[in-house]
Amino acid sequence: MIAIGCDHAGIDLKPHVIAVLEEMGLPYQDFGTFTRESVDYPVYGELAARAVASGECDRGIVMCGTGVGIGIAANKVRGVRCAICSDCYSAKMSREHNDANMLALGARVVGSELAKMILRVWLTSQFDGERHARRVGQITTLDQGGTLKP
Ligand code: RB5
């Protein structure tokens, strides 16, 4: 199950994201927003992020104007690693190296076709593990309030 969340600025990307999920046969849960009325992106970033962090959803896609605000908000939820991407290379690496469990896209930054390409790459790339697992483990330590030794 894929969680979807967006604000009013990200909403134009939503049908394109849904089209990719449907084309790939992936079920999704849409946490809103559902209209172009101005809303606060942290609210929808949190809804999608909590669904991922709780295990209710396997991964999450969030969208706002830049992807930055909603991505930062999602990353405040413990257990979430949200990659803010506007290119395919970063999207692929965010899965292979960072085991990103959420993707943030900016509707005012990327066009719909690029967004779909980024999403397909992100959804089909796998975590490489090994040395990257150690580093992701260190991110988890920080996420849980711990500190790292150099
Ligand atoms: C809304 O105007 C805009 O600030 C929001 O969508 C997002 O881009 C924030 O990071």
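Atoms within a ligand are numbered from 1 in the order they appear, just like the ligands themselves. The first residue of the sequence shown is numbered 1, and numbering continues consecutively from there.
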Where is the nearest protein heavy atom to atom 1 (C) of ligand 1: which residue, which atom, and how far? His8 NE2, 3.8 Å
Under a 4.0 Å N-O cut-off, is there an ion pair linking Asp128 with Arg95? no
Identify, by atom number and element, the atoms of ligand 1 in contact range of Gly65, meaning under 4.0 Å from any of its heavy atoms. 5 (C), 6 (O), 7 (C), 8 (O)
Under 4.0 Å between a Lys/Arg side-chain N and an Asp/Glu carboxylate O for Lys116 and Glu23? no
Below the 3.5 angstrom mark, is there an N/O of Asp7, backbone or side chain, next to an N/O of ligand 1? yes
Determine whether more than 12 heavy atoms belonging to other residues, nucleotides or ligands lie under 6.0 Å from atom CG of Asp40. no
For atom 2 (O) of ligand 1, closest protein heavy-atom neighbour: Arg108 NH1, 3.4 Å
The protein heavy atom nearest to atom 10 (O) of ligand 1 is Gly69 N, 2.9 Å
Side chain to side chain, Asn98 and His132, heavy atoms closer than 4.5 Å: no
Which bit of Thr66 is near ligand 1, meaning a heavy atom under 4.0 Å away: side chain, backbone, both or neither? both
Expected output: side-chain Asp143 to main-chain Arg78 donor-acceptor under 3.5 Å: no
Here the atoms of ligand 1 under 4.0 Å from any heavy atom belonging to Ala9 are 6 (O)
Going by heavy-atom distance to atom 7 (C) of ligand 1, choose the closest among Cys64, Cys6, Gly67. Cys64
Using distance alone, with no hydrogens and no angle criterion, decide if Asp87 and Ser90 have a side-chain donor and acceptor under 3.5 Å apart. yes
Please round to the nearest 0.5 Å and tell me the distance separating atom CD of Glu37 and atom CG of Asp7. 12.5 Å
Tell me whether Val68 has any N or O atom under 3.5 angstrom from an N or O of ligand 1. no
Atom 4 (O) of ligand 1: which protein heavy atom is closest, and how many Å away? Tyr41 CE2, 4.4 Å
